Structures are given as C-alpha cells and as structure tokens.
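What follows is one structure encoded as structure tokens, with my remarks underneath.
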Amino acid sequence: MAKRITPRSEDWARWYTDVVTQAKMADYSPVKGCMVIRPHGYALWENMQRVLDRMFKETGHENAYFPLFIPKSFLAKEAEHVEGFAKECAIVTHSRLKTVQADGRATIVPDPESALEEELVVRPTSETIIYAMFAKWVQSYRDLPILINQWANIVRWEMRTRLFLRTTEFLWQEGHTAHATHQEAEEEALRMLDVYASFAEEYMAVPVLKGVKTEKEKFAGALRTYCIEALMQDNKALQAGTSHDLGQNFARAFDLRFQDEAGDWTFAWNTSWGVSTRLVGAIVMAHGDDNGLVLPPRLAPIQAVVVPIWKGTDPVDRILAAAREARDRLARAGIAVRLDERDSLSPGFKFNEWEMLGVPLRIELGPRDLEQGSVTTVKRPNRSKAPVPLSGLEERVPQLLEEVQREMLEAARARRDAATFTVDSWDGFRERNESTGGFLLAHFCGSSECENSIQEETKATVRCLAFGQPEEAGRCVRCGGPSPRRVHFAKAY
RNA sequence: CGGGGCGUAGCGCAGCCCGGUAGCGCACCUGCUUUGGGAGCAGGCGGUCGGAGGUUCGAAUCCUCUCGCCCCGACCA
C-alpha cells in the first residue's frame with residue numbers, strides 16, 4: 001500500500017535508502033551531499049554517544065572542544081597528512097557577503113574586500129590544530145599523558161555520498177592523546193581499538209575483525225592504523241572504526257616536545273582514534289530486513305512498544321487501562337517503552353510501522369490476552385511470539401530484550417562466517433569475489449604492486465591484517481611470492 | 001569529471017511521442033461504520049507542471065539555454 005521497501009534481493013542500494021528515509025532516520029538536505037539526521041536517527045546516535053562517552057571516560061579520557069576552522073598552513077605541516085586530505089577540503093576565503101546588481105537583479109557575492117589573509121580549512125579531522133595546542137600545554141614529562149576526546153562535526157568533500165556511510169559533513173568523535181613513550185602510545189591505540197570492538201559487538205550486535213591496515217590503507221600521517229572491520233548483509237566490508245599510532249610525526253610537525261626525567265628534550269608520541277555516524281549505517285546494513293530497520297535493544301531509542309487491540313466499544317476501556325498499566329510498569333523498570341494509543345489506525349498498520357522503525361520488542365494486548373491475564377510479545381528480528389503473564393512483565397521483558405540482543409549478534413556472526421571464504425588461487429579469488437563477495441582469506445606477499453593490481457582488477461582491497469590470524473606459510477594469491485599468513489580481502493564501502 | 005535517469009499536489013507516479021488549459025494512488029480534512037498483519041464507504045482540501053527564453057491563436061507537451069537531484073563509475077584518511 002502506502003510504504004513499501006524495495007526488497008534487498010531486488011536492489012540493495014535502494015533498499016538501504018528506503019529504510020533510512022522511511023524509518024525517518026535521515027532525509028536528503030537542500031545541500032548536495034549533506035543529510036538531515038531526523039529525531040529517530042539522532043536518538044540512536046545519542047544512545048551510541050552516551051555509551052561510548054562512558055567508555056572513554058572509564059579509560060581516563062576527558063572531553064574538550066577545538067575550533068571548526070584550521071589555519072591553512074597547519075594542514076601543510078605534516079607532509080603525508082596534507083597529501084591525504086588536500087583533495088577533499090572545504091576552504092573559507094571570505095568573511096562577508098555584499099549585494100551586487102547582475103542581469104538586472106540583486107544577488108549576493110563574497111565581498112572582495114573581506115578576503116582572509118590566511119584562508120581557513122573546515123576541519124576534515126583535527127590532528128593539526130589539536131597537536132598545535134598540545135605543544136603549548138606540554139613542557140615536562142609530568143604533563144603527560146594528555147587524554148582528550150572531542151565530539152564534533154567534520155567536513156570531507158567526497159565526490160560521491162551515501163546517507164550515513166559517507167556524507168560531506170558528518171558527526172564523529174575523535175580521541176587525541178600524547179604520551180611520553182612509544183610503548184605507552186601503542187598501548188593506548190590498542191586499548192581504544194578494544195573499546196570500539198567491544199562497543200560494536202556488545203551494543204551494536206555487529207561482529208568485527210580487529211587488525212592493522214596495510215601501508216596503502218593507513219591514515220595519512222600515521223605510523224600504523226588499527227581498525228575494526230565489519231561485514232554487511234550484501235557481503236561488502238565496512239570500516240567501522242580506526243585507531244592510529246601517530247608516532248612522533250605530528251609532534252615533530254608542531255614541535256610538541258617535553259623534557260624527560262634526564263632533562264633531555266623529546267618529541268611526544270601521539271594517538272588518534274575515531275568512530276562516526278557511519279556506525280548508524282552499519283547497524284542498518286548489518287541487521288535490517290525487508291520490513292525495515294532492526295535495532296539492537298541496548299541502543300534502540302524505543303525498546304518496546306505496547307499495541308492495544310480492542311473489539312467493539314465495551315472492552316476498549318479495560319484494554320487501554322491494562323495497556324497503560326503495562327507501559328507504566330515497564331517504564332518504571334527502566335525500559336524505553338511506548339504505548340500506541342492511536343485509535344484511527346488498525347493493529348496491522350501499527351505492527352508494520354513499528355517494525356519499520358526497528359523497535360526490538362512488540363507487546364500486543366487484546367481481549368484474548370486480557371482474558372488469559374497475559375500479553376503477547378513479538379521479537380522484531382524473526383517475529384517469534386510468546387505469551388508473557390502480566391504479573392511477570394518486569395522480569396520477563398528485560399530478559400526478552402537481552403535475548404534479542406544476543407540473537408542479533410549470533411545471526412550477524414553466522415552471516416559473516418558464512419560469507420568468509422578461504423581462497424588459494426587467483427582464479428578462485430576472482431570467482432569468489434564476483435559470485436558472492438564477502439571476506440576472502442588469501443595469502444598476500446605484502447607488496448603494493450600486488451595490492452594495487454588486485455584492487456584494480458577486482459575492486460577488492462586488503463581490509464586488514466587480522467590479529468590472531470594463524471601463521472601459515474603460503475604463496476601470494478596474485479604473484480606467488482612468499483606469505484607468512486592469510487589476510488582479509490573484500491570489496492568495501 | 002564520465003555514463004544513465006529524473007524534476008508535474010506533502011509522497012509516489014501518469015499525461016509529453018501526436019500541443020487544446022492537469023489526472024491517478026497514498027497521505028491530509030469531515031462524517032459514519034471499524035480495530036488479532038498495512039480498514040470500508042461517502043464527501044472534501046491541495047498543483048504559476050524545476051527556472052528562463054523561444055515557436056504557436058494556444059505549451060506540462062515542441063525548440064534552445066539553464067538549475068537541481070538520484071543511481072552507476074572514477075575518488076574515498
């Protein structure tokens with residue numbers, strides 16, 4: 001009828017767009033490449049922020065805020081860094097507009113008189129301005145470590161965008177730290193990678209690979225980039241978070257030095273790490289189905305919805321009274337619960353609508369339920385139904401939500417494992433990559449020649465050198481050269 | 001930047017080839033009847049057809065220019 005989602009099997013990209021827009025998570029904005037995050041999408045992001053923020057603080061970090069604008073010269077101080085970002089920067093050149101007459105009508109143009117002496121870059125990431133500030137704050141080893149996080153918006157002028165996955169402006173957090181030793185910085189980078197991985201699995205119900213990026217894929221300016229990689233339902237990989245060991249690259253560029261215990265001047269060691277609103281897209285693509293969004297209970301803005309069902313006019317009052325009581329009791333038990341009292345919509349319509357929005361648990365309450373002194377609960381992912389006695393609501397509903405959370409992770413893990421393939425020949429690699437896609441575990445010599453030619457010919461890239469990948473001598477799937485272990489290849493977003 | 005598609009009511013579309021003054025579904029409003037998987041009937045509201053120029057007695061429709069968006073590709077720390 002009114003709203004139909006394009007089935008995943010028919011057109012994956014369209015399905016994704018349909019779900020995001022019809023579930024009211026985001027909408028296209030008047031500005032190309034930018035999106036409006038609507039309340040239902042933003043509430044999910046807020047829940048993610050809340051959990052992550054707590055995890056950052058538990059690991060000793062503090063929030064701060066740095067400016068949106070970065071002097072152009074700052075970006076140029078780290079050679080590799082500017083190389084990586086130069087092609088996607090928005091630049092502020094003027095500070096005023098003026099009205100002029102053109103073709104007989106008034107129009108506004110940048111006032112040439114207001115051209116900036118030094119142009120400003122809208123941050124694509126904040127390493128430069130943050131380490132410039134750190135340099136002012138650090139003199140002694142006693143000033144270290146600095147452990148800072150900021151929640152911010154950033155701008156990267158990508159050529160092609162996709163709601164949540166890659167937009168011109170997006171929201172993220174970026175952690176930036178400074179340490180006295182390389183070892184401490186490494187530990188920090190890995191600690192935050194672990195935070196991301198456990199957040200992805202325990203809250204988003206998205207299993208991830210932890211590993212390290214190749215030279216080609218690492219962050220511009222980093223010594224080493226660690227990442228978490230997830231697999232979406234279309235068998236394409238999504239980089240879900242990164243954590244960088246920046247070495248002393250930025251410290252040298254911004255003269256971030258301190259006097260150590262021996263009185264010697266040393267450059268500090270930095271890390272940076274970030275996740276973005278792209279994670280919202282990850283949840284959509286990891287769990288969604290042809291009925292819409294499926295949200296993990298631990299992050300869902302609405303965890304359960306009570307849908308009253310009545311017959312005739314007589315039992316309406318009794319049903320509504322019972323439904324309101326159920327709602328109130330669940331709310332007191334700490335469940336984010338809604339009661340759908342709208343009287344002009346049929347139950348079927350409401351079922352479909354709440355499923356579209358991804359609410360993990362539906363609680364139906366009709367005359368039949370009331371007679372039995374129970375409600376009917378329905379889990380969003382598989383629509384499995386179970387009666388729950390009214391008397392046991394507060395105990396049972398949280399259990400059901402946890403069951404859904406666990407089942408979603410298990411299902412996602414099963415999908416990923418079923419889409420992870422070991423390939424040993426170049427033909428096998430190409431065939432598998434073409435037919436099903438997914439993670440291809442293949443031997444790789446590590447040369448950039450092979451990495452580039454594999455990407456050119458198959459669009460697949462090395463997603464990461466996964467931790468814990470067993471040692472296994474083999475021959476590079478491309479050139480036959482020696483390889484100490486397999487790496488994960490996949491086509492990626 | 002290359003290829004493809006699309007701009008007509010809030011949303012989704014038809015009408016365009018073959019010019020004659022705008023229509024369908026959903027949504028919305030009103031009333032009545034309804035409510036265990038997208039309710040029914042009746043009556044309504046709503047559009048300078050993306051913009052500019054041209055051809056014509058007459059343009060959503062034909063011509064020229066222009067703006068914008070979407071999809072695929074190139075690009076993507």
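This one's a predicted model, so the numbers in the text were calculated from it and none came from an experiment. Here is the naming used below: chain letters follow the sequence lines, and residue numbers restart at 1 for every chain.
- Between the CZ atom of A:F351 and the C1' atom of B:rG38 there is a distance of 11 Å, given to the nearest Å.
- Taking atom CD of A:Q22 as the reference point, atom P of B:rG38 lies 18 Å away to the nearest angstrom.
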Its dot-bracket string being built from Watson-Crick and G-U pairs below 3.5 Å, with | for another strand and [ ] for crossing, RNA chain B has the pattern ((((((((.[[[[.)....(..]]]].((((((.....)))))).....[[[[[..)....]]]]])))))))....

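- For the pair A:T161 and A:G221, both in contact range of RNA chain B, the more 5′-proximal nearest nucleotide belongs to A:T161.
- Ion pairing between a basic and an acidic side chain is recognised when a charged N comes within 4.0 Å of a carboxylate O; A:R362 and A:E364 show such pairing.
- For the C1' atom pair drawn from B:rG47 and B:rC11, the interatomic distance equals 14 Å after rounding to whole Å.
- What separates CG of A:L345 from P of B:rC26 is a distance of 15 Å, to the nearest Å.
- Computed from coordinates, the A:R14 CZ to B:rG12 P distance equals 10 Å when rounded to whole Å.
- Interatomic distance, A:C34 SG to A:L163 CG, rounded to the nearest 0.5 Å: 11.0 Å.
- Across B:rG15 and B:rU21, the matching C1' atoms stand 14 Å from one another, rounded to whole Å.
- Across B:rG36, B:rG38, B:rC71, the shortest atom-to-atom separation from the side chain of A:N352 is found for B:rG38.
- In this structure, CG of A:D343 is placed 13 Å from P of B:rU33, rounded to the nearest angstrom.
- Heavy atoms of other residues, nucleotides or ligands lying less than 6.0 angstrom from CZ of A:R338 number 12 at most.
- With the nearest nucleotide of RNA chain B identified for both A:R383 and A:G33, A:R383 has the one nearer the 5' end.
- Looking at heavy atoms from C-beta onward, A:H244 lies out of side-chain contact with A:K218 at the 4.5 angstrom threshold.
- Judged purely by atom type and a 3.5 angstrom limit, A:T458 has no side-chain atom pairing as donor or acceptor with the backbone of A:R430.
- If you check every strand for non-hydrogen atoms under 4.0 Å, A:P367 touches a base.
- Within a 6.0 Å sphere centred on CH2 of A:W172, other residues, nucleotides and ligands contribute more than 12 heavy atoms.
- Nucleic acid contact class of A:Y226 (heavy atoms, under 4.0 Å, all strands): none.
- Spacing between atom OH of A:Y28 and atom P of B:rC6 amounts to 18 Å, rounded to whole angstrom units.
- The distance from the OH atom of A:Y131 to the CG atom of A:N249 is 11.0 Å, given to the nearest 0.5 Å.
- Taking the C1' atom of each, B:rC17 and B:rG38 are spaced 38 Å apart, rounded to whole Å.
- Within the 4.0 angstrom heavy-atom criterion, only backbone atoms of the sugar-phosphate kind lie near A:F219; the bases stay farther away.
- Using a distance-only test at 3.5 Å, with no hydrogens or angles considered, no donor-acceptor pair links the side chain of A:H40 to the main chain of A:M25.
- Across all strands shown, A:R162 has no heavy atoms under 4.0 Å from either base or sugar-phosphate atoms.
- By the 4.5 Å heavy-atom criterion applied to side chains, A:E187 and A:H179 are not counted as neighbours.
- Residue A:F349 has its side chain nearest to B:rG38 when only B:rC71, B:rG37, B:rG38 are considered.
- Using a distance-only test at 3.5 Å, with no hydrogens or angles considered, no donor-acceptor pair links the side chain of A:S243 to the main chain of A:Y226.
- At a cut-off of 3.5 angstrom, counting only N and O atoms as typed in the model, there is a donor on one side and an acceptor on the other between the side-chain of A:E355 and the base of B:rG37.
- Within the 4.5 Å cutoff, side-chain heavy atoms of A:R342 are placed close to those of A:E353.
- Atom P of B:rC71 sits at a distance of 43 Å from the matching atom of B:rU35, rounded to the whole Å.
- If you check every strand for non-hydrogen atoms under 4.0 Å, A:K350 touches nothing.
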When you compare the protein's N or O atoms with those of nucleotides 73-75 of chain B, which come within less than 3.5 Å of each other, and at what distance?
{"residue": "B:rG73", "atom": "OP2", "partner": "A:R160", "partner atom": "NH1", "Å": "3.4"}
{"residue": "B:rA74", "atom": "OP1", "partner": "A:K459", "partner atom": "NZ", "Å": "2.5"}

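- A:A222 comes within 4.0 angstrom of no nucleic acid atom, judged by non-hydrogen atoms across all strands.
- In this structure, the CD atom of A:E364 is 11 Å from the P atom of B:rG36, given to the nearest Å.
- In this structure, A:E83 reaches neither bases nor backbone, as no heavy-atom distance under 4.0 Å exists between it and the strands shown.
- With both ends at atom P, the span from B:rA27 to B:rG12 equals 15 Å, rounded to whole Å.
- Nucleotides B:rU61 and B:rA52 are separated by 12 Å at their P atoms, to the nearest Å.
- Looking at heavy-atom distances under 4.0 Å, A:T376 makes contact with a base.
- Relative to the side chain of A:E353, the nucleotides B:rG36, B:rC71, B:rG38 differ in distance, and B:rG38 lies closest.
- To the nearest angstrom, C1' of B:rA27 lies 15 Å from CE of A:M356.
- Across B:rU8 and B:rG51, the matching C1' atoms stand 14 Å from one another, rounded to whole Å.
- Residue contacts shown for A:R362 include a base, since a base heavy atom lies under 4.0 Å away.
- Between B:rG20 and B:rG2, the two C1' atoms lie 42 Å apart (nearest whole Å).
- Under the ring pair (Phe, Tyr, Trp, His ring centres under 6.0 Å) criterion, A:H182 pairs with A:W269, sequence neighbours left out.
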